[in-house]
Amino acid sequence: MSETVTDHEGQKPKGVFSTLVADGDWLFQKGEYKKSIDSYTTALTLKPDDKNCFVGRSKCYLRMGQCDNALRDAEASLKEDKSFFEGLYQKAEALYYMGEFEFALVFYHRGQKLRPQIQEFRLGIQKAQEAIENSVGSPSSVKLEIKGDLSFLQKDEERVLPVTAIQHLTRAKKHLKSPKSEKTTKQLLGEFYNDKKYLEKLLKDEDLVKGKTKKGERVQDVIRSSLTYLDTCTEFWNREKPIRSQEKRPKSIPKKCSKPRQCAPSEPAQFLMKKLGEVNAALTSGNAKLSLKKAEEVMRKVQGWTEKEVPNKKEVVGSLHSCMGNALIDLGDTDKALDHHQKDLELAEQCKLPDAMSRALDNIGRVYAITGQFTQAIEFWEKKIPLVHGGLEKTWLFHEIGWCYLELNRYEEARDFGIRSAAAANEAKDEKWLINTNVLVAQSELKLGNFESCISHFERALTHAKQQEDDSATAAIEKVSSLSSQRFHFFVLLENVSDC
């Protein structure tokens, strides 16, 4: 008895950990980065070496402009596994936004070598290369001085290079401070320039700055913090693409563009990264209409570019079709959504991109499932199975296929996929999915008349629900399990009567 209690207590932190991570992910999507950081931090006290937790928290720090903390967490995620591609990408991003473009380029390249199909690494390489050229000129005019530990170039035992041991440029390169020219600042900040002037005006209001916010923060501190952040952005953007290098261009040299563009051809990578981020942000915040509008605007822009300007143009167009399809699903227009996801699949197959194919098959199946076309949903989701590698993604996919079979009254297939989903959830150590998968198996067994197995799986689901401290799930499972148990005892009674 005491051993059973000990086992439950040992499993409880796992459930708490999963909940904390899920909360952190959800809060990040909502843009509540401080709360998200708190959730990840608490989760790390339970599992101090969880690499996904470090990456999640690093993303939050980066969104808040705390690049040093973002880099520290990214490096921590790579401590045990140097080939962890999400950690490599996060480290590259942190270095890029710190203005360490050369070092960021190294890690973008390393990530692309490991996962060549991931678009973010290619876009990262593009924007880092352009930022380097904009800051220091053409690579042919730059000499590299080899300093510090360069063991990251070794093929076998790669080691993470400390930030302090970066290859430094030997040509004279002055540290670019925030531009003093008001005109330059206005050009760099763009639409944020008016916000900066407004904040500066507020700072002069002595009565206002003495007040406090609802959270107890001094208004003066909040304003100064915002101004500091804008100054930091100005400095970074000036380093990334200095305004003065454009101003010094000889007037006698005509521009090569035959027709005006809203976005300079030299900036497609930065433009795409920014705009795709805006599209996703609008969708995750629940504004599907705005997300669709932004995606359509970017699509028109990209269609006007050549393959030379955007070498992976088809891949980008596919991603945009995916974004537009997802927005249309939220807006309830499933016919148009399906059309966009099918175009995404066509482009992914043309470019032979497994991740993009997996994404498109996933979304097409989702549209069919939403519209009650379960046979078609199963067809596309089963094509996705060979493309899935992660345990959690397998869990979800097998569960959804099993659920569709259950809706089609094909109970044996539903049970089999439920069992496969439970195995994947157990491998991923995800308590929440262990609840869902065991319920699916229990429902299938109930329909097949296998009452003992049905009750057994409901009990497993109930155990996981209690470990998760999920009261609503516990109550629902207890109710269904009780009804199944009563039905089982009724059939046992009938059998006994018939034997008599």
Side-chain angles (χ1 to χ4, degrees), residues 18 22 25 52 83-86 114-120 315 318-319 321-323 325-326 329 334 337-445 447-448 457 460-461 464:
S18 301
D25 294 342
N52 291 304
S83 62
F84 179 45
F85 75 95
E86 290 184 33
L114 290 169
R115 291 294 180 95
Q117 73 274 21
I118 294 179
Q119 177 184 337
E120 283 79 1
E315 184 179 351
S319 295
H321 276 302
S322 179
C323 293
N326 288 333
I329 288 174
T334 51
L338 184 60
D339 183 53
H340 281 291
H341 289 310
Q342 285 174 336
K343 287 177 181 176
D344 180 26
L345 180 60
E346 289 172 13
L347 291 166
E349 289 174 339
Q350 287 176 27
C351 300
K352 297 179 180 179
L353 299 169
D355 281 2
M357 288 169 61
S358 178
R359 175 189 66 207
L361 290 167
D362 184 353
N363 288 323
I364 291 171
R366 191 156 62 99
V367 174
Y368 280 128
I370 289 169
T371 55
Q373 301 176 72
F374 302 115
T375 303
Q376 292 91 330
I378 290 168
E379 178 190 345
F380 281 92
W381 276 337
E382 287 188 338
K383 288 179 183 177
K384 176 183 166 75
I385 292 174
L387 303 173
V388 176
H389 304 292
L392 204 55
E393 192 175 6
K394 281 183 182 177
T395 303
W396 175 86
L397 183 60
F398 292 154
H399 179 274
E400 294 304 291
I401 294 172
W403 172 73
C404 285
Y405 276 124
L406 190 65
E407 291 290 328
L408 292 168
N409 301 327
R410 294 170 62 176
Y411 305 125
E412 288 186 2
E413 290 97 330
R415 176 194 60 196
D416 293 344
F417 271 99
I419 291 169
R420 292 174 72 179
S421 180
N426 192 51
E427 182 185 341
K429 297 178 181 178
D430 192 292
E431 297 284 342
K432 284 190 174 181
W433 272 107
L434 282 168
I435 299 171
N436 298 330
T437 55
N438 278 290
V439 167
L440 173 61
V441 176
Q443 288 175 314
S444 304
E445 294 286 37
K447 293 292 186 179
L448 290 167
H457 281 91
R460 290 181 195 177
H464 291 299

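Along the sequence shown, the residues carry numbers beginning at 1. Everything quoted here is computed from the prediction, not taken from an experiment.
At distances below 3.5 Å, at least one donor-acceptor pair connects side-chain atoms of Asn438 with backbone N or O atoms of Leu434. Under a 3.5 Å cut-off, the side chain of Ser322 and the backbone N or O of Gly318 do not form any donor-acceptor pair. A side-chain donor-acceptor contact under 3.5 Å links Thr395 to the backbone of Ala425.
For the atom pair Leu345 CG and Leu353 CG, the distance stands at 11.5 Å (nearest 0.5 Å). In this structure, SG on Cys404 lies 10.5 Å from CZ on Phe417, to the nearest 0.5 angstrom. Note: Leu406 CG to Leu440 CG = 6.0 Å, rounded to the nearest 0.5 Å. Between Asp339 atom CG and Ile364 atom CD1 the span is 10.0 Å, to the nearest 0.5 Å. Taken to the nearest 0.5 Å, the CD atom of Glu346 stands 11.5 Å off from the SG atom of Cys351. The CD1 atom of Ile378 sits 10.0 Å away from the CD atom of Glu407 when rounded to the nearest 0.5 Å.
Partner His321 forms a side chain to side chain contact (heavy atoms under 4.5 Å, CB included) with one of Gln342, His341, Lys343 and no other, that one being Lys343.
Within 6.0 Å of CD in Glu427 there are 12 or fewer heavy atoms belonging to other residues, nucleotides or ligands. Atom NZ of Lys383 sits in a crowded spot, with more than 12 heavy atoms from other residues, nucleotides or ligands closer than 6.0 Å.
Within the 4.5 Å cutoff, the side chain of Ile385 has heavy atoms near those of the Ile401 side chain. Looking at Gln373 and Glu379, their side chains never come closer than 4.5 Å, going by heavy atoms from C-beta outward. Between Asp416 and Arg420 there is no side-chain heavy-atom pair separated by less than 4.5 Å. Contact annotation: the side chain of Lys447 never approaches that of Asn409 to less than 4.5 Å [non-hydrogen atoms, C-beta and beyond]. Contact check for Arg366 versus Asn363: side-chain heavy atoms found under the 4.5 Å cut-off. The shortest side-chain heavy-atom distance between Glu120 and Phe85 does not fall under the 4.5 Å cut-off. Residues Ser444 and His457 are not in side-chain contact: their nearest non-hydrogen atoms beyond the backbone lie 4.5 Å or more apart. Side-chain contact check for Leu338 versus Tyr368: some heavy-atom pair is nearer than 4.5 Å.
Legend: residues meeting side chain to side chain contact (heavy atoms under 4.5 Å, CB included) with Leu114, ordered by chain and number and at least two apart, are Ser83, Leu88.
Of all the heavy atoms in Gly325 and Ala337, the pair that sits closest is O-CB, 3.4 Å. Scanning all heavy atoms of the two residues, the minimum distance from Ile435 to Ala461 falls at O-CB, 3.8 Å.
For an aromatic pair to be called close, the ring centres must be under 6.0 Å apart, and Trp396 with Trp381 satisfies this. A centroid separation of less than 6.0 Å is found between the aromatic rings of Trp403 and Phe374.
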